[in-house]
Amino acid sequence: MNQVTAQSGPAIEFRNVSCRFISPDGHATVALREFNMSVARGEFVAIVGPTGCGKSTTLSMITGLLKPTTGEVRVMGNLVDGIDPRIGFVFQADAVFPWRSVLDNVAAGPIYRGRSKAAAHELAHDWIRRVGLEKFAKHYPHQLSGGMRKRVALAQTFINNPEILLMDEPFSALDMQTRTLMQDELLQLWSGNAGSVVFVTHDLEEAIALADRVFVLSARPATLKRVYEIDLPRPRVTSEVRYEPRFIEISRDIWRDLREEVQIG
């Protein structure tokens, strides 16, 4: 776990949460059923489960974009009620402004939060350097590779110093080499941020390489099937940790659980 511990209470808590959607024809679909999850402050957790089981739904409820049908979701001890500025979100698709340069994309958050343009640009230059894009500050998104745009997205998010970072399959569109580099980049940024991370992924190896704990969801309607402690030492290099015997052992155990749910789904 990162520098901040659970002594201050959980950063995120789901208490017996169920979520039901009603289609236009009146058909009800239950996405989550009596779901419980607790994420400590400074902890990195990953959520895995079959396609359509409600993994992304959990993130929407943390942000306040979606309300639970029953139960409650708490952030920093308080019931979720609207958008919380302490939360950062990295999407699967690149959430960058195509008409803005890298510098203006990264500076947008601080400016929106009240920083002067000069102060925001100074801070943005620092974060652009941290993600290795200092030579591309004046470039536009269409001039960048997919991996570079993802670095912009990380800088956009971390510049606001989020206490909670939600990530919905952020690296799934990248090739394997770039994806591995971005995983290491994320771990390095997170280690200096001390925030909590909830990372949704279909990639079991990615979940194990990054997380302190992996939450396995059942097939829809999703419940929490099992939580796995990832007792691999930090700091981790994701391209190397995959070959450790303990990593392989954990991977086999989680896949055994996950395979059952995929077959049901």
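Quick note: residue numbers are just sequence positions, from 1.
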Subject >> CA sep, side-chain torsions, deciding dist, call: Leu66, Phe21, side-chain contact (heavy atoms from CB on, under 4.5 Å) >> reply: CA-CA 10 Å; Leu66 183 65; Phe21 298 99; 3.7 Å; yes

**OP:** Evaluate the criterion salt bridge (charged side-chain N to carboxylate O under 4.0 Å, His left out) for residue pair Glu249 and Arg252; output intermediate values, then yes/no.
**Re:** CA-CA 5 Å; Glu249 181 183 356; Arg252 285 173 177 165; over 6 Å; no

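- Here the side chain of Asp184 pairs no donor or acceptor atom with the backbone of Val237 at under 3.5 angstrom.
- The two residues Val17 and Pro68 come nearest to each other via the heavy atoms CG1-CB, 3.7 Å.
- Closest heavy-atom contact between Pro141 and Pro98: CD-O, 3.7 Å.
- For Arg100, the salt bridge (charged side-chain N to carboxylate O under 4.0 Å, His left out) test picks out no residue, with sequence neighbours left out.
- Within 6.0 Å of atom OH in Tyr112, 12 or fewer heavy atoms from other residues, nucleotides or ligands are found, so the atom counts as exposed in its surroundings.
- Ile250 and Val48 fall within a single hydrophobic cluster, where Ile, Leu, Val, Met, Phe, Trp and Tyr side chains are chained together by heavy-atom contacts under 4.5 Å.
- Note on Phe199: it does not cluster hydrophobically with Met37, by side-chain heavy-atom contacts below 4.5 Å among ILVMFWY residues.
- A perpendicular orientation is assigned to the rings of His125 and His121, their planes being inclined by more than 60° (bins at 30° and 60°).
- More than 12 heavy atoms of other shown residues, nucleotides or ligands fall within 6.0 angstrom of atom CZ in Arg246.
- Counting only N and O atoms by type, the side chains of Ser218 and Thr223 include a donor and acceptor under 3.5 Å apart.
- By the 4.5 Å heavy-atom criterion applied to side chains, Val75 and Glu163 are not counted as neighbours.
- From Gln183, atom CD reaches atom CG of Leu210 across 5.0 Å, with rounding to the nearest 0.5 Å.
- For the side-chain contact (heavy atoms from CB on, under 4.5 Å) test, residues two or more places apart in sequence or in another chain that qualify with Asp81 are Lys67.
- The distance from atom CG of Asp231 to atom CZ of Arg213, rounded to the nearest 0.5 Å, is 13.5 Å.
- Taking both residues in full, the closest heavy atoms of Thr157 and Pro162 are given as O-CD, 3.3 Å, listed atom of the first, atom of the second, then distance.
- Rounded to the nearest 0.5 Å, atoms CD (Gln92) and CZ (Phe171) are 12.0 Å apart.
- Side-chain atoms of Met76 and Asp84, non-hydrogen and from C-beta on, never get closer than 4.5 Å to each other.
- Applying the salt bridge (Lys or Arg N to Asp or Glu O under 4.0 Å) rule to pairs touching residues 68-78 yields Arg15-Glu72, Glu72-Arg74, sequence neighbours excluded.
- Closest approach of Val39 to Ser196, counting heavy atoms only: CG1-CB, 4.2 Å.
- A heavy-atom distance below 4.5 Å is found between the side chains of Ile230 and Arg236.
- At distances below 3.5 Å, not a single donor-acceptor pair connects side-chain atoms of Asn16 with backbone N or O atoms of Thr70.
- Atom OG1 in Thr69 sits 6.0 Å away from atom CZ in Arg20 (nearest 0.5 Å).
- Looking only at side-chain heavy atoms (C-beta outward), Val152 and Phe136 stay at 4.5 Å or farther from each other.
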Original post:
Would Ile62 and Val80 satisfy side-chain contact (heavy atoms from CB on, under 4.5 Å), going step by step from the backbone distance to the final call?
Top reply: CA-CA 7 Å; Ile62 295 169; Val80 173; 5.7 Å; no

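- Looking at heavy atoms from C-beta onward, Leu186 lies in side-chain contact with Leu165 at the 4.5 angstrom threshold.
- Taking Glu244 as the reference, Leu232, Val241, Phe247 meet the side-chain contact (heavy atoms from CB on, under 4.5 Å) condition, with sequence neighbours excluded.
- Under 4.0 Å is where a charged nitrogen must lie from a carboxylate oxygen, and between Lys150 and Glu185 no such pair does.
- For the residue pair Met167 and Leu59, the shortest heavy atom distance occurs at O-CD1, 3.8 Å.
- Side-chain heavy atoms closer than 4.5 Å link hydrophobic residues (I, L, V, M, F, W, Y) into clusters, and following such links, even through other members, never connects Val90 to Leu65.
- When side chains are defined from C-beta on, Phe44 counts as touching Arg234, because their heavy atoms get closer than 4.5 Å.
- Between the side chain of Arg86 and the backbone N or O of Ile164 there is no donor-acceptor pair closer than 3.5 Å.
- Note that the CG atom of Leu154 and the CG atom of Leu133 stand 10.0 Å from one another [nearest 0.5 Å].
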**OP:** Decide side-chain contact (heavy atoms from CB on, under 4.5 Å) for Arg179 and Asp203; before the verdict, give the C-alpha distance in whole Å, the side-chain angles of both, and the deciding distance to 0.1 Å.
**Re:** CA-CA 11 Å; Arg179 187 171 185 162; Asp203 187 328; 3.4 Å; yes

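- By the 4.5 Å heavy-atom criterion applied to side chains, Val227 and Val45 are not counted as neighbours.
- Here the CD1-CG distance, from Ile208 to Asp253, works out to 9.0 Å after rounding to the nearest 0.5 Å.
- Annotation for Gln143: atom CD counts as buried by contact number, over 12 foreign heavy atoms lying within 6.0 Å.
- Although no hydrogens or angles enter the test, the distance criterion places a donor-acceptor pair under 3.5 Å between the side chain of Ser18 and the main chain of Glu34.
- Partners of Arg115 under the salt bridge (charged side-chain N to carboxylate O under 4.0 Å, His left out) rule, at least two apart in sequence or in another chain, do not exist in this structure.
- Screening residues 128-142 for side-chain hydrogen bond (donor to acceptor under 3.5 Å, both in side chains), with sequence neighbours left out, gives Asp126-Arg129, Asp126-Arg130.
- The side-chain heavy atoms of Ser251 and Leu204, taken from C-beta on, include a pair separated by under 4.5 Å.
- The minimum heavy-atom distance between Ile159 and Pro110, with the atom names listed, is CD1-CG, 3.6 Å.
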